[in-house]
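The chains referred to below are lettered A, B, ... by the order of the sequence lines, with proteins before strands, and numbering in each begins at 1.
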Amino acid sequence: MPGQIIFGLLLVGGVVTAGVSYYLTPKYTRVGYQPTQPVPFSHAVHVNQLGLDCRYCHDGVEKSWYSNVPAADTCINCHSGVLPNDPKLKPVRESYKNPDKPIEWVQIHKLPDYAYFNHSVHVNRGVSCVECHGRVDLMEEVSHAKHFSMTFCLDCHRNPNDRLRPLDKITDLAYDRSKDKANKNRDFVKEWHIKTSENCSACHR
Amino acid sequence: MNNSKDSTIKQNNGPRHWRSLGHKADTPEFRAFVEKEFPSGVDLIDDPVSRRNFMKIMSASFALAGLGVTGCRRPEHKILPFSKMPENYVHGAPQYFATSMPTRQSAVPLVVKSYDGRPIKIEGNNEFPGGNGGTDQYAQASVLSLYDPDRGLNFKLAEDGKLNVIAKGKVLEQLSGLAHGKTHVLMEQSSSPSRARLVADLKGKGVRFYEYEPIDFSVHADAASIAFGSSVKPIYKFEKAKAILSLDCDFLATEEAAFQNIRDFSAGRRVKDDHTQNPSEVMNRLYAVEGLLSLTGTNSDHRLRIPTGSIIRVAALFLKEALEVSNTQTDGFVDELKDFVGDLNEDFPNSHALEKEGKSDITKWIKECVSDLVRLSSEGKKTLVVAGYRQPKEVHLAAMAMNSLLGNVGETLLLQPIEPNGNGSIEDLASNFKKDDNLVVLGGDPAYNAPADIDWSGIIEKSNKFIRHGFYNVDGTSKKATAYIPAAHYLESWGDARTNDGVLVPVQPLIAPLFGGLTELEVLARISGADEVDPYKITRATFEGIAGEGEAKWSKFLHDGFLADSASETLIEEFDGEAAMAEWRKNAKKVKVPSRGNLEVTFYRDHSVDDGRWGNNGWLLETPNPVTRIAWDNVLLVSLKTAKDLLGEADSKKLLDFEKVDGKDFDPKNMDLPGRFGFHSESGRFYQKVFKLKVGDREIEGPIWLLPGMADDVVGVALGYGRGVGRVGGAKGPLNERTGGGGFSAFEARTTDTQHAASEAVLSDTGSKYEVACTQEQGVMDGRPVVREANADDFDSHKDFVKHFDLDSVHHTTHLVKGDDRGYPWEKDQELKLVKASDEDLPASQYRNNFGDDKVNGPKLMDVERQQWGMVIDLTTCVGCNACVVACQSENNIPIVGKHQVALGREMSWISIHRYFSGDEHNPQINYQGVSCQHCEDAPCETVCPVNATVHDEEGLNLMAYNRCVGTRYCSNNCPYKVRRFNYYDYNRRPMGVEDGERKPGRFFNDDNNLNNSPLHPSNKSSNGEWELIRWYKDPSRGSVPGLDDGKKESGEFDPEWDLIKLSKNPDVTVRMRGVMEKCTYCVQRIQSAKIDQKTKIKDSVSKLDKTAKIAALDVPDGTIIPACQQACPADGVSFGDVSDPSSEVYRLKRQNRNYSVLGFLDTRPRTTYLAKLRNPNTSMPDYFDIPNSVTEYNDKAHADIFDSKKDKTNGKEAAH
């Protein structure tokens, strides 16, 4: 009897541990998070089909830590003429007319408050949007592509070269460096003196 | 995990995480006004109209907070973008605006950092001519006052004696409806030309104006005007003075524009390069005569202890001496002075320190001082004699006379023409006010701080309308008003001011008034019924009247923060001896010498709360007084002799009520125990006896405190406490019934005649006790040379004196291997080694080389290719003002913990300015040393953390990963400098002034407040009586003092404590929770920000450069990174930079002769080092010490002989070490 109990406990413990290790890690809980947004904005249409650069809307990404969601007037630039009466764009028009009614986008990528990430230094030093956000240009609805646990950041910080690309290709999400003969074997780390910090002060302040 | 619900369906998703207020309720109106603690993805609506609706929206929405069910669903966070992108705004990049903080008769020029449209951090304007970007502690803490939860939130009208919330328009009607001829306006002093313009206009319409400041610096200008014949105000240029004589003038702390004085004084004191300069030649010298132990006195080279009221006699003797030495003809005035002076030595024995046995000799002190000043003057050097605001006009006249004799006028004493002040005083108000007149009070708090013999309530009773414009509606003045107008904070106001030297500066708002408050200018404009009531337009009109019209000029004015060349030309006037003598003869009064039964009381401006205006500012209340190291309270300061005399020899021990120490009674003279200066209480808690101080027929009560260095038979009382306003500092009532700090009001004993000093006071024991929170029990260094000092005249012959102290001195470490075994990699180049003073470098480290290569020499903790950060603090220039402490608190989100926790030793400020006494307990020498995390290369704290929360980074910083810390506190245990601070409670979220669900100002974090229970314990209730757990479950984002659903609130009012305090936090720095250790980080957020800026600038442009050039291109230039402490320091005492860069300032400073590490023998290799303090005494003065007292103490205790002082005694043989 005691043997069975012990065996039973070990089995249960093992299953729980395995379950937690799989189901409660960011790789499972975050990847694929795809909340419904108030406006069904499709990156696939706007970026891939129409050819908008990431920075047309997310213009703060090169200047600050925060990559901003555009203000309604950016959308109205086109949508005052394109689909001006479409009911799906009603929140955009309302927000443009009334500053008290912002579009309530659901935030997808969020780091804990004790971790400080700065977009501008990454974007300006060769890290493309796709490395962390995945193929947003193919997404009808944005989903969380990578797991964003600390090891995700550290893996790159420990070995950045494979994830760097020439600065003019930062927003070219389809770019594949291994197929680019000119840049395939470049050592950006040495060339640009990339000094990633592997210490806590890089992100934890 | 998809959220498959249609987002257009409004749903109540229940409790949300507190980071996003957007989850509070589901009304769209509310969502527009969310604020996040960390703007991790929010764009706020910047429309000023929306901000004014803040209150309306908040009130509507909190009512909708409710219970809900989320299950295991991932909580949703919202991103709310702008409707139209504001111009020049990049979210996440802070904006900086130039403004200024108006003070009484001047202003502090500032540049304020604004994040998300709200001001976060105050910095000085270092482009201001003559400024260095330093500020004082008041300016640093003023940003917290903007977010003061007790500030007035609404316009109010009185009904049946009680103020009720009313629409703004109704109150404004009252303003414009005032009958000018019957209106009296009482206001604070101001240097604003716009206000002067409006006041002049209103005076023309028959309104009468009165100015009242409880601490009034006008005596400087009044005296100068008499002395020099025209209406002038003196500007003191301490920088140029080679010797300064201060007659009770605490110019480093409590005079006007003290931060500017600190900058100038330190500039005159600093030894820039002790390899090439001789300190005796470059340093200035400070003589101080005072009754209190003020900051200036603690920094002086020679100090005379004379009760405040008797300094006039000392001034007379100074003047007599100066007149005689200069052979000035005065028709017998000199003899009059001689009679006036009397016998100072008899009246004031033991008034200065003595190296050997003997009696103090004031006459000689003064004579030698004058002869030093005269000698310097004859050599063409400038000196300066200043008198303090507490001294009567006659003393100032004597000082001006001396300045004139010494040739200082036009050099160190500048005279700037000013408009004579045409406003009445508060006494005039009391006599002019007739029945049914109207009273308007702008700012201040006369009910609290008016002279006690003014019948303030009588004036109120007579008044018809009493309109109050003030920051608080809960203070004594506002409570009796018929109408209340919330005042705008200066960070919300348009206005202007003139700095101390007359330069015009703007007051530019960084945020629209949070609660619709009005500025003073607007109130005055409305009273006059003018068309233009917009303070922006008023200010601009004034500016255009001074500088001319045009957008370009105005924009430049706002951009720079000052108008260049706007100060009036200073005058050179002749000293009017006749007028001065006449004034002296008329008014000079001798005061009876204080004695045991006839004590003298000196009221002084407090270093933390000023005259009470900062009484609810937690940062200032918690910053300990630099001299007494007491926080949260004021005390009755007495000298040792006074304490002993009060109750006789035997009972004096009971006065101090010490527990027996080691079985013996405490006797300051004969015991060689820790706490010899200051107090030793075995428990570490100080329960001081409460004494009643009777001045005339008024009484106040306060705890007694011994301060070595006070003049005998003088009681020093700080003003500004006991105001009773607000949840932080507003504890009221008898001292023996409260523990909330906040002190007692000294204004109750202060009359119009005794504004600064009162005589014939009596102290009597009340029998009760009051706990005083003192942060430094230990006054002495016990022979451990943490502060190393030397006299300037000894420096030349002992340039390497710092190397002879302590166990790491050249005499002690012969057993350690020397050489370059652990030399720094950047020092391999021999040419860079500049220091050859003793040919002995620091011995090689016992620890492994942290620049190793991970294989052979050890782990590669630090990277040679990166910049290596370090800091140098210069003890000669640091005056101990504590501006850095408040700046650090502001920058790093350091919480306040309340008096009780401070008494337990749990104060959170990362920098401590330790204050040490040495020498004679009646006339001690004082040293200050600011200590924060030393960022040791071989940090003892790093090796003992069980979870690796504190590690070293590649650039030399000792890091703290807050989220990893489990609160073992082993690191703090191991730290030899004791600079680590632990969050024993969740200081950031605990409510202030609440206990057991009841409002109790000042009480928070008391140990009888059930705080040792978890927050979920049933006895923990929020301010509406609700159990914390229920409150949390309903809404985890709220604090314990909820908003509108608090049933005890008046309608229309709400309690913004939780939301407002959040706004004061710096988003770049984590806000720590309970159980987490924290410490100085060298402002790592500023370091990272500068590195990021540099990398963002460089991008990929270095590809073509060689390795060295690449590294250089990515280095942050020296001087870019300025930690908060360095930026706030007016004395330029802190230097920060790259210690591996030969061209950086810290590299140069670390190679100064005076550079040393505290506790260097532990071989922790701290990156923060100090430059030893140099004193500059005058060898002919009777209180000259051959070597500083702390060094004598060290020599005695360590059997050492620094400076060879004992050589003579051992017949030429060197004394044994």
So which residues of residues 1100-1109 of chain B are in contact with chain A at a heavy-atom cut-off of under 4.5 Å? B:Asp1100, B:Val1102, B:Ser1103, B:Lys1107

Distance, nearest 0.5 Å, that separates OG1 of B:Thr1070 from CD of B:Gln1085: 9.0 Å

Quick check: do A:His109 and A:Phe148 have side-chain heavy atoms less than 4.5 Å from each other? yes

Show your working on side chain to side chain donor-acceptor pair (under 3.5 Å) between A:Tyr66 and A:Asn118 and close with a plain yes or no. CA-CA 7 Å; A:Tyr66 174 64; A:Asn118 185 303; over 6 Å; no

Rounded to the nearest 0.5 Å, what's the gap from OG on A:Ser128 to CG on A:Leu173? Could you check? 5.0 Å

Compute the ring centroids of A:Phe117 and A:His122, then answer whether they are less than 6.0 Å apart. yes

When rounded to the nearest 0.5 angstrom, what is the spacing between NZ in A:Lys27 and CZ in A:Phe152? 10.5 Å

B:Ile1092 versus chain A, heavy atoms under 4.5 Å apart: side chain, backbone, both or neither? both

Greatest number of heavy atom pairs closer than 4.5 Å to chain B - which of A:Pro166, A:Ser95, A:Ser201: A:Ser201

Among B:His935, B:Glu937, B:Glu942, whose side chain to side chain donor-acceptor pair (under 3.5 Å) with B:Asn958 holds? B:Glu942

By a 4.5 Å heavy-atom criterion (distance strictly below it), what part of A:Glu94 contacts chain B: side chain, backbone, both, or neither? neither

Out of A:Lys63, A:Glu141, A:His204, return the one with the most heavy atom pairs under 4.5 angstrom to chain B. A:His204

Bottom line for B:Glu954: the part with an atom under 4.5 Å from chain A's heavy atoms is both

Check each atom of B:Thr1096 against the heavy atoms of chain A and say whether the ones under 4.5 Å are side chain, backbone, both or neither. both

Region of B:Asp863 in contact with chain A, defined by heavy-atom distances below 4.5 Å: side chain

Considering only heavy atoms and a distance below 4.5 Å, find which of B:Asn963, B:Val951, B:Leu1114 pairs most often with chain A. B:Asn963

Using a strict threshold of under 4.0 Å (side-chain N to carboxylate O), is an ion pair present between A:Lys146 and A:Glu131? no

Going by atom types only, do B:Asn983 and B:Glu1078 share a side-chain donor-acceptor pair under 3.5 Å? yes

Looking at A:His193, A:Lys190, A:Glu191, which one has more heavy-atom pairs under 4.5 Å with chain B than the rest? A:His193

Option in B:Arg964, B:Lys84, B:Glu955 with maximal non-hydrogen atom pairs under 4.5 Å from chain A: B:Lys84

Is it the backbone or the side chain of A:Ala115 that comes under 4.5 Å from a heavy atom of chain B, or both, or neither? neither

Pick one of side chain, backbone, both or neither for A:Ile76, based on which atoms fall under 4.5 Å of a heavy atom in chain B. neither

Separation of A:Arg135 CZ from A:Cys129 SG (nearest 0.5 Å): 11.5 Å

Test side chain to side chain donor-acceptor pair (under 3.5 Å) on A:Ser42 and A:Glu140 and set out the steps. CA-CA 5 Å; A:Ser42 163; A:Glu140 286 293 336; 2.9 Å; yes

Calculate, to the nearest 0.5 Å, the distance between atoms SG and CD1 belonging to B:Cys888 and B:Ile894 respectively. 4.0 Å

So what's closer than 4.5 Å to chain A heavy atoms on B:Arg866: side chain, backbone, both or neither? side chain

